[in-house]
Each structure stands twice: as structure tokens, then as C-alpha cells.
Protein chains: 2
Amino acid sequence: MAKHDPDLSPLFHALADPTRRSMLTRLAAGPAPVTELASPTGLALPTVMRHLSVLEVAGLIATSKDGRVRTCAIVPEALAPMQSWLDEQRLIWESRLDRLDDYVKTIMKERER
Amino acid sequence: MAKHDPDLSPLFHALADPTRRSMLTRLAAGPAPVTELASPTGLALPTVMRHLSVLEVAGLIATSKDGRVRTCAIVPEALAPMQSWLDEQRLIWESRLDRLDDYVKTIMKERER
DNA sequence: GTCATGCTTAGCCATATGACTAAGTAACGC
DNA sequence: GCGTTACTTAGTCATATGGCTAAGCATGAC
């Protein structure tokens, strides 16, 4: 009950950046070429490319080059491992809620000192 | 439809490290003092402290000091923002699946060249 | 062919991250 | 009081990350 560690790190890491999350949001509306993804960010192209490659390594997007245009698209299944991890954790965490509830209250009280 | 950016970055960042995830898993079994969290990692105490503070900043754990012992406990609600983001994204991503399906296939074909 | 377009590569820079050692402080336990 | 325990703080170090500019290299339009 803890074999959920394949490539969660790159996934979480990719999502930890607001620029990358906003790129994903943009891509959720449909595939787009690199330049189009770059323009709203105000970042230089090489910088954008590196964000994209982080997303690609994490499996969150797929890209393909047609002529001189590279088009990016989201890979919906990529979120699955994260959802599994979340489900698993929430299951354990919440089953402990009863006993934790009192505990957290104690902590909060002590923190006010 | 994109107001989901309060503190997702620290949250994802905290979860992007395997050491921190394993600490969370340990804490899911119940609260524990710092030393107990440190021992399975083989890391020096100051290093562990910094991991814990990352988790605390992300709101994933709460700590309290009683005498010379600092006890750490998970904060189950902390995963909620992440779940919201996931739900939101998945909703959009999957609604595009139909039109994306063909697109991704095209990409895959081109990648084989 | 020539030139603009759209990436790509290379290399630099500042800051952040993850890990350490060494030394300090604040409870216990006797 | 004195040593041990459990953190804490301070400071160092190597590497990673996020940003840039400057060139380079195909492709598409004339």
C-alpha cells in the first residue's frame, strides 16, 4: 500500500510552477504552437521551451513538429497517477481524522501561546 | 474559470520530493516527533527540519512543541485545493478528449518518423 | 536565391534547493 | 548540577532552476 511512487516527483514538480500550470490551462482549450504559448507569458522563447520540456518529461504534454512549427497538446491520462496518489492518501488521512481532530486542536491551542 | 491558484505552487512543490512524500505517509499512520521521522530517512536532523518546514509552509502538516519534543501531524484538509484543481482540469481536459484523440494519434504517427 | 519566421542550441547569471558539519539552547533524568 | 536528549541555528557547498542574450538552423514565402 505504497507502491505509488513511479514518477510522481516530475509530475508534481512540473505542476509546482504557475507559468507551467497556466500553459496547461491554455492547452486545455486545444493544441497550440510554441509561439502562441509563449506570447501571454512575456517570457523569452528559450525559457518557454524549457518549461515545455519539463511538462513533456512529466508526460503532461506531447509535442510534434510539422515544418518549422512545433505543436503542443495535453495528455489527459497524465493526471491519473496523481489522482491515484491523492485518493490513496485521502483514504488513509481521513480514516485518522477522528483521532487527529482532537490532536490538531491541541496543537492550535499551544501555537497561540 | 481559473481562480484556482491560491497556494498551489508551495503545495505541489512540497509533494515533488520523495522524502517529503514518505514523511507524509509515515505521518498518515499518526503524529510523530521529529527524530522518529528522521531515522528512516538516514538524513541529518537539520535536513529533516527543512523538509518539515517545507511541508508546514505548504500547510500539509502542523507541528507543536511539548517540552523538548516537537510533534508533527498531517493536516488532511491541505489536499483539498489540489483535489479541486485536479477536478477542474480533468473536467476541461476530458471534454476535449474527442477532438484530441485524433490529434494525439497524428502526433504519435509523426513522432515515429 | 534571399529573407523572414519559428524554433533550437549554447552559454551566462542569480537565486533556490537539498545536504552537510559544527556549535548552541532548552528540557529531562539522576 | 551535570550529562543526555532533542531540537535549533548558522554557515558551507554542490547542483538545480528559471531567467536572459546571442547565434544557429531549418522552412516557407517571394
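In what follows, chains are A, B, ... by sequence order, proteins preceding strands, each numbered from 1. Every heavy atom of this structure was used, including side-chain atoms; hydrogens, water molecules and symmetry mates were not. All values reported here derive from a predicted model rather than from experimental measurement.
- Here the C1' atom of nucleotide C/dC7 and the CE atom of A/Met49 are 6 Å apart, to the nearest Å.
- Side-chain N/O atoms of B/His51 include one lying less than 4.0 angstrom from OP1 or OP2 on C/dA19.
- Counting non-hydrogen atoms under 4.0 angstrom, A/Pro46 reaches a base of the nucleic acid.
- B/Phe12 has its CZ atom 20 Å from the C1' atom of C/dT17, to the nearest Å.
- When the side-chain nitrogen and oxygen atoms of A/Thr35 are compared with OP1 and OP2 of C/dG6, none of them lie within a distance under 4.0 Å.
- Note that CG of B/Leu91 is 8.0 Å distant from CD of B/Glu88, once rounded to the nearest 0.5 Å.
- One atom, CZ of B/Arg50, and another, P of C/dC20, lie 11 Å apart when rounded to the nearest Å.
- DNA chain D is contacted by both A/Asp17 and A/Leu45; A/Asp17 maps to the nucleotide lying nearer its 5′ end (nearest heavy atom per residue).
- A straight line from CG of A/Leu52 to C1' of C/dG6 spans 13 Å, rounded to a whole angstrom.
- Distance, A/Glu36 CD to C/dT5 P: 17 Å, rounded to whole Å.
- Atoms CG and CE, on A/Leu55 and A/Met23 in that order, are 7.0 Å from each other to the nearest 0.5 Å.
- At least one side-chain nitrogen or oxygen of A/Thr47 sits closer than 4.0 Å to the OP1 or OP2 atom of D/dC20.
- Side-chain nitrogen and oxygen atoms of A/Lys65 include at least one within less than 4.0 Å of the OP1 or OP2 phosphate oxygen of C/dT8.
- Taking the six-membered ring where the residue is Trp, A/Trp85 and A/Phe12 present perpendicular rings, their angle passing 60° and hence far from 30°.
- Straight-line distance from the CG atom of A/Leu37 to the P atom of C/dG6: 13 Å, rounded to whole Å.
- Contact between A/Ile74 and A/Pro76 at its shortest, heavy atoms only, is O-CD, 3.5 Å.
- Rounded to whole Å, the distance from CZ on B/Arg70 to C1' on D/dT8 is 9 Å.
- Following chains of ILVMFWY side-chain contacts shorter than 4.5 Å, one can reach B/Leu60 starting from A/Leu8, so the two form part of one hydrophobic cluster.
- Distance, A/Arg68 CZ to D/dA29 P: 7 Å, rounded to whole Å.
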